[in-house]
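Worksheet for the structure shown next.
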Amino acid sequence: MPPAPLIADLRSDTVTTPTPQMRAAMAAAAVGDDVYGEDPTVNALQQEVARLTGHEAGLFMPSGTMTNQVAIALHTQRGHEVICAEGSHIYEWELGMMAAFSGVVPRFVHAPLGIPDPEGVRAAVRRSIHQSPSGLISLENTHNKAGGTVIPLEVLAGIRAVADQEGLPLHLDGARVFNAAAALDVPLSDITGQFDTVSVCLSKGLGAPVGSVLVGSKAQMAQAHRYRKMMGGGMRQAGILAAAALVALQDGPALLKEDHRRARQLAEALAGAGFAVNLAAVQTNIIYATLPDAAAHAARWAAAGVHANALGPDSVRFVLHHQVTDEALERAIGVLTGAVVQA
Ligand SMILES: *Cc1c(COP(=O)(O)O)cnc(C)c1O
């Protein structure tokens with residue numbers, strides 16, 4: 001049977017394809033050798049992300065895994081612990097790289113809805129000579145595995161205060177920090193300004209084809225440049241990618257609230273059709289639903305043109321992005337809710 005025509009690809013917000021504006025900007029981009037720091041479009045992108053986040057400097061890299069892992073290398077020494085929320089991407093989905101590259105181990109703090117409590121973070125700090133010392137606190141906002149949840153600003157301020165009192169650096173895995181800013185309706189820098197370094201993905205909801213930017217101080221970015229090269233992330237005429245990312249930065253943020261509205265609409269439709277969805281966790285563009293035989297359901301939906309990610313035996317994830325229109329969403333809801341009724 002030929003595959004059904006695509007209705008909606010809800011597996012991730014990484015599946016978007018470059019817009020015509022991005023393609024045009026890529027074709028016209030001024031470029032140079034970025035390993036020498038000579039690509040004007042990459043330099044413009046780095047400056048723009050630094051400006052928006054309230055940091056001194058930025059460094060463009062191929063992926064968010066690389067920006068996170070370079071940040072961990074910057075802040076830690078071998079044998080350190082990285083304090084992070086349970087379920088953090090830096091551990092769950094970065095293939096043990098914090099151990100493989102930086103020689104550090106995670107120390108998880110309990111984080112209902114992905115939000116650690118400042119006192120829980122303080123209690124995780126270790127200094128005894130009999131234990132591995134804390135080297136870094138790392139947060140994730142929005143928190144992917146918890147359902148795209150947002151850290152309230154007062155919790156952030158509390159954790160910043162703990163970091164200061166304990167003399168620890170604070171990193172943000174901000175793969176979807178633009179979604180957090182949109183959900184809170186605050187300028188991005190209200191969030192990102194609280195951190196020593198921030199990793200920002202341009203290829204998630206903002207829609208760029210490739211890339212993330214790490215921001216921090218000039219001195220940190222000079223050191224990050226070396227770690228990026230060690231990881232094989234030194235790209236040459238990367239301005240063609242940065243050009244698309246600049247368009248994503250320009251056009252992307254304003255579209256996120258619509259993604260959030262559609263996620264809410266889908267979540268409520270799923271809940272209404274009998275799916276187990278924690279509506280309190282649906283704060284941005286991600287929805288997790290619990291249902292038996294998730295993979296079999298996902299395969300059936302895919303055959304009907306709606307793609308979702310079965311991330312566990314009884315867990316399926318839907319992610320909204322700017323290339324799912326209202327009309328496509330209506331049709332997708334028909335397929336998804338119809339399938340449950342038949343089951
Ligand atoms: C997607 C993502 C990243 C980076 O992933 P890459 O695929 O390496 O770009 C990092 N953190 C979170 C929370 C993510 O969702």
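One-based numbering, in listed order, for ligands and for the atoms of each. Numbering starts at 1 and runs along the sequence shown.
- Using a 4.0 Å cut-off between heavy atoms, A175 contacts ligand 1 through its side chain alone, with no backbone atom that close.
- Under the 30°/60° scheme for interplanar angles, the aromatic rings of F318 and F275 are found to stand perpendicular.
- Annotation: side chain of Q69 is not in contact with side chain of F101 (no heavy-atom distance under 4.5 Å).
- Closest to atom 8 (O) of ligand 1, if we only count protein heavy atoms, is T65 OG1, 2.5 Å.
- By the side chain to side chain contact (heavy atoms under 4.5 Å, CB included) test, T76 is found to be paired with I72, H80, V82, S102, V104, L136, residues two or more places apart in sequence or in another chain being considered.
- Residues meeting the salt bridge (Lys or Arg N to Asp or Glu O under 4.0 Å) test with R51, sequence neighbours left out: E48.
- Once rounded to the nearest 0.5 Å, the distance linking NZ of K204 with CG of N144 reads 6.5 Å.
- Interatomic distance, N179 CG to L256 CG, rounded to the nearest 0.5 Å: 4.5 Å.
- Remark: minimum distance from atom 13 (C) of ligand 1 to any protein heavy atom is reached at E140 OE2, 3.2 Å.
- H75 and H171 have tilted rings, their planes meeting at an angle from 30° to 60° on a 0 to 90° scale.
- Only the side chain of N68 comes within 4.0 Å of ligand 1, judged by heavy-atom distances.
- At the top of the distance list for atom 14 (C) of ligand 1, counting protein heavy atoms only, stands K204 NZ, 2.8 Å.
- Geometrically, ligand 1 and S203 share no nitrogen or oxygen pair separated by less than 3.5 Å.
- In this structure, H143 falls outside the shell of residues with a heavy atom less than 4.0 angstrom from ligand 1.
- A side-chain N or O of S199 and one of T67 form a donor-acceptor pair less than 3.5 Å apart.
- Atoms of ligand 1 found under 4.0 Å from any heavy atom of R176 (numbered from 1 in listed order, with element): 15 (O).
- Atoms of ligand 1 lying under 4.0 Å from any heavy atom of E94, numbered from 1 in the order shown and given with element: 10 (C).
- Looking at G64 next to ligand 1, an N or O pair under 3.5 Å apart turns up.
- Among the atoms of T142, none of the N or O lies under 3.5 angstrom from an N or O of ligand 1.
- Remark: D196 engages R160 in a salt bridge, criterion side-chain N to carboxylate O under 4.0 Å.
- Which parts of ligand 1 touch S63 is read off a 4.0 Å heavy-atom cut-off, strictly below it: atoms 8 (O), 9 (O).
- The nearest heavy-atom contact from the protein to atom 11 (N) of ligand 1 is D173 OD2, 2.6 Å.
- M66 does not count as a contact of ligand 1, since none of its heavy atoms falls under 4.0 Å from the ligand.
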